[in-house]
Amino acid sequence: MTHSADSSTTATDAPAEHIDVVIVGAGLSGVGAAYRLQTECPGRSYAIVEARQSMGGTWDLFRYPGVRSDSDMFTLGYPFKPWRGAKVLADGPSILGYIKDTAAEFGIDRHIRYGTKVVGADWSTATARWTLTLEHTAADGSRTRSTVTCDFLYSCAGYYNYDQGHAPEFEGADSFTGRIVHPQFWPGDLDHTGKRVVVIGSGATAVTLVPAMAQSAAHVTMLQRSPTWIGSLPSRDRLADAIRAVLPANAAHRIVRTKNILFAIGLYQFCRRSPKAARRLLTGLNKRNVKDDRMVADHFTPSYDPWDQRLCAVPDADLFKVLKRGEAEVVTDHIDRFVPEGIRLTSGRVLEADVIVTATGLRLLAFGGIAPSVDGRQVALHEQFVWRGAMMTGVPNFAVCIGYTNASWTLRADLTSRLVCKVLNHMREHDYAAVEPRPTTTLNERPLLDLASGYVQRSIDAFPRQGDRSPWKVRQNYVLDAASTMRTNLRKTLAATPAAEVRGARAEAAQPAASR
């Protein structure tokens, strides 16, 4: 829900600061959105509000050992900023440096307001503007509030809860004599050298942590309730390296990016259309990497089909290598309870540990926690439909950045930012004050994120829906989206409010209260 200003807010008769476009989040998506805005919609004022004290979003927040991308950097990177690193799956610090370099190169960093969180967002139909309540957190932790108005609000905060990870309660956790940590809040003083580590989980975070921690730990155990589909990728793309050696950076980046997009789409379509063949392919590759058919059957052969949940990628089979060397093991079982020396399983086995890492997943949070309201009434997000994967019914002049679940986040993020710019230019060209997507026929609703993963299923009911047909269906195909998104007929599906209808109300709102 929206928040009213508290006692720390300074009252004033002066009108609030007005910004044409406010972007929420200074991560990979927000920086990309700012680039598109300032190049495709020149002359518009914009600001990026970032709740944390630094840019980078996910890549600044997550500091656990081995943190890296699970998508190749030629597609996770920006199309306008060639990735020059050597690794296909880059480490977190390299990605963070890439984001910072991009922001500095294009002057985007000058538009970021750190320690600034949107705690209220109310749309006025009368003035066709947003009033945002911003909470500012100073370096000493003190908080104040202010308000700004804007014509368009663009949430690039992703859909993860940065303040809370998924942390199930484990019976007996208080009795454990070692240390329990969650990857989302990795303690800087944790030294796992020579220690016994148990990592609970089998998703992208767990398969990253295990080989990274095994380098210095006495032993690492990955404890999973059920297996996850895992595939190995080479850490370097030799074809990409050869192309980059002979072509200019921008041309090479476009070619390699296209190659990787087509490969990812082809793999996804193969898995969805021929699940039995996909199972045979993945299990065959894993048997080749592990050299242990029983291990693959017991611990790396899920009951679900490939891409029912996101496929985990490991570089150079690093997870399988530490398993082969005996530096780590995988245990598939259920937790009975924590005990002083570690974890007791339902089978009766006790996993002894000095450190337990609960890589149990993330929590979803719609639009970075922004709960939009219209004329003071909160919008029921779960009753709305998403248009073109970007805008939402019931909420004018509001867009959200939602990446792909089967490919790099940035592919859709960049398309969405370009579409937002197209909408803004459409509004200026036709002198519209507001636009809102409205379906002309009844839609059959579907979940916004069509994945069976636990982290999705736990929270998806709080999100808006997608429909069963274009432009209300959120497709997982970049080629189709790239071909159609920028060609969409905005007049056909966007209801508009002419600027002439709100000019009087805007003029009145701009006057100091004493002169009204």
Side-chain angles (χ1 to χ4, degrees), residues 25-31 52-77 83 85-102 157-167 179-193 195 197-217 220 222 228 230-236 310-322 327-328 355-363 403 408-410 453 455:
L28 192 65
S29 302
V31 170
R52 306 178 76 247
Q53 298 295 340
S54 55
M55 76 169 71
T58 298
W59 302 108
D60 181 65
L61 174 68
F62 292 109
R63 303 294 181 94
Y64 59 82
V67 60
R68 56 170 171 74
S69 66
D70 62 351
S71 301
D72 77 275
M73 286 306 302
F74 296 100
T75 57
L76 187 64
W83 171 252
K87 294 181 180 179
V88 174
L89 303 180
D91 58 85
S94 296
I95 300 172
L96 180 60
Y98 172 78
I99 296 170
K100 290 181 176 179
D101 289 346
T102 303
Y159 48 60
Y160 291 138
N161 188 330
Y162 277 18
D163 297 326
Q164 288 184 308
H166 177 58
R179 192 163 181 180
I180 303 173
V181 299
H182 193 286
Q184 190 166 331
F185 309 102
W186 197 265
D189 63 345
L190 178 62
D191 181 7
H192 61 275
T193 303
K195 291 184 168 57
V197 179
V198 174
V199 178
I200 302 173
S202 59
T205 302
V207 302
T208 300
L209 276 165
V210 171
M213 299 188 77
Q215 294 178 18
S216 56
V220 180
M222 186 171 86
T228 296
I230 299 173
S232 175
L233 289 177
S235 62
R236 296 194 64 147
R310 190 174 173 92
L311 184 69
C312 288
V314 295
D316 289 335
D318 60 357
L319 173 65
F320 302 123
K321 288 178 180 177
V322 297
E327 298 168 0
V355 178
I356 295 175
V357 182
T358 56
T360 46
L362 303 164
R363 286 189 178 185
S408 291
W409 175 276
T410 313
S453 306
Y455 76 93

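Remember, it's a predicted structure, so these values are computed and weren't measured experimentally.
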Sequence-distant partners of Asp60, salt bridge (Lys or Arg N to Asp or Glu O under 4.0 Å), two or more places apart: Arg52, Arg63
- request: Any chance you could lay out the side-chain contact (heavy atoms from CB on, under 4.5 Å) test for Ser408 and Phe74, step after step, and finish with the verdict?
  value: CA-CA 9 Å; Ser408 291; Phe74 296 100; over 6 Å; no
Does [X] reach the side chain of [Y], with side-chain heavy atoms less than 4.5 Å apart?
X      : Y      : answer
Pro187 : Arg179 : yes
Cys312 : Asp70  : no
Met222 : Val207 : yes
Lys100 : Val31  : no

query: Looking only at atom types and distance, does a side-chain atom of Lys321 sit under 3.5 Å from a main-chain N or O of Asp316, one as donor and one as acceptor?
result: yes
- prompt: So, Ser29 side chain and Thr410 main chain: donor-acceptor pair closer than 3.5 Å or not?
  reply: no
Hey, could you give me the [atom1]/[atom2] distance between [X] and [Y], rounded to the nearest 0.5 Å?
X      : Y      : atom1 : atom2 : value
Leu233 : Leu311 : CG    : CG    : 8.5 Å
Lys87  : Asp72  : NZ    : CG    : 15.0 Å
Leu319 : Leu209 : CG    : CG    : 11.0 Å
Ile95  : Phe62  : CD1   : CZ    : 12.0 Å

Going by side chain to side chain contact (heavy atoms under 4.5 Å, CB included), name the residues that satisfy it together with [X], two or more places apart in sequence or in a different chain.
X      : result
Ala217 : His192, Val197, Val220
Lys195 : Asp354, Val355
Thr208 : Tyr64, Arg68
Gln215 : none

With sequence neighbours left out, what residues match [X] under side-chain hydrogen bond (donor to acceptor under 3.5 Å, both in side chains)?
X      : value
Thr228 : Ser202
Thr58  : Tyr162
Ser71  : Arg310
Thr205 : none

- line: Note: Ser235 and Pro315 closest approach over all heavy atoms is CB-CB, 4.3 Å
task: Return the minimal non-hydrogen interatomic distance between Leu76 and Trp59, and the atom names on each side.
output: CD2-CZ2, 4.3 Å
- prompt: If you look only at pairs with a residue in residues 200-213, which of them pass as a salt bridge (charged side-chain N to carboxylate O under 4.0 Å, His left out), with sequence neighbours excluded?
  reply: none
- line: Residues at least two apart in sequence or cross-chain that pass ring-ring contact (aromatic ring centres under 6.0 Å, His included) with Tyr98, listed by chain then number, are Tyr78, Trp83
